[in-house]
Amino acid sequence: KTMTSPECQKMISTVGWLCGCSPKLIATRLLSEDDKKDMLKGLISLESLIAHVKIWMHNGMPDYVNGLI
């Protein structure tokens, strides 16, 4: 199911709240533009995003988007 931009933002906010992480950091340091496009296409589930955020947090929240790892 495709999602709107506000629905994607809400999903990122929900995941941030559930994982104890700033949604802004998820959007700017973890999710690439391609990831965001995949979210809009409905290709990334809530469960998948939670798992990836937890792994990213465990690894020290590197800035993957800008290649600063």
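Each residue takes its place number in the sequence, starting with 1.
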Review point. Can you list every side-chain hydrogen bond (donor to acceptor under 3.5 Å, both in side chains) pair that touches residues 57-69, not counting sequence neighbours?
Key: D63-N66

Review point. In chain order, what residues pass the side chain to side chain donor-acceptor pair (under 3.5 Å) check against S32, with sequence neighbours excluded?
Key: D35

**Study point:** For K10, all residues meeting side-chain contact (heavy atoms from CB on, under 4.5 Å), sequence neighbours excluded
**Key:** T14

Exercise for review: Please report the closest heavy-atom contact between M57 and C19, naming both atoms and the distance.
Suggested key: CE-O, 3.3 Å

Practice item. Sort and list the pairs that fulfil side-chain hydrogen bond (donor to acceptor under 3.5 Å, both in side chains) and have at least one residue in residues 16-25, not counting sequence neighbours. Key: none

**Study point:** Sub-4.5 Å side-chain heavy-atom contact between V53 and L18
**Key:** no

Review point. Looking only at heavy atoms, what is the nearest atom pair of G16 and P23, with distance?
Key: CA-CG, 4.4 Å

**Study point:** L31 and V65: CA distance, side-chain angles, deciding distance, side chain to side chain contact (heavy atoms under 4.5 Å, CB included) verdict
**Key:** CA-CA 7 Å; L31 298 174; V65 171; 5.5 Å; no

Donor-acceptor contacts under 3.5 Å from residues 38-45 side chains, at least two apart:
| from | atom 1 | to | atom 2 | distance (Å) |
| --- | --- | --- | --- | --- |
| S45 | OG | S48 | N | 3.0 |

Review point. Could you give the distance from CG (L49) to CE (M11), rounded to the nearest 0.5 Å?
Key: 4.5 Å

Study note, to complete from the structure: The side chain to side chain donor-acceptor pair (under 3.5 Å) partners of T4 (sequence neighbours excluded) come to E7

Check your understanding: What residue among L25, I26, L30 forms side-chain contact (heavy atoms from CB on, under 4.5 Å) with M61?
Key -> L25

**Study point:** Residues that E47 engages under salt bridge (charged side-chain N to carboxylate O under 4.0 Å, His left out), provided they are two or more places apart
**Key:** none

Practice item. Write down the atom of P62, the atom of W56, and the distance for their closest heavy-atom approach. Key: O-NE1, 2.8 Å

Review point. Quick one: does C8's side chain get under 4.5 Å of K36's, heavy atoms only?
Key: no

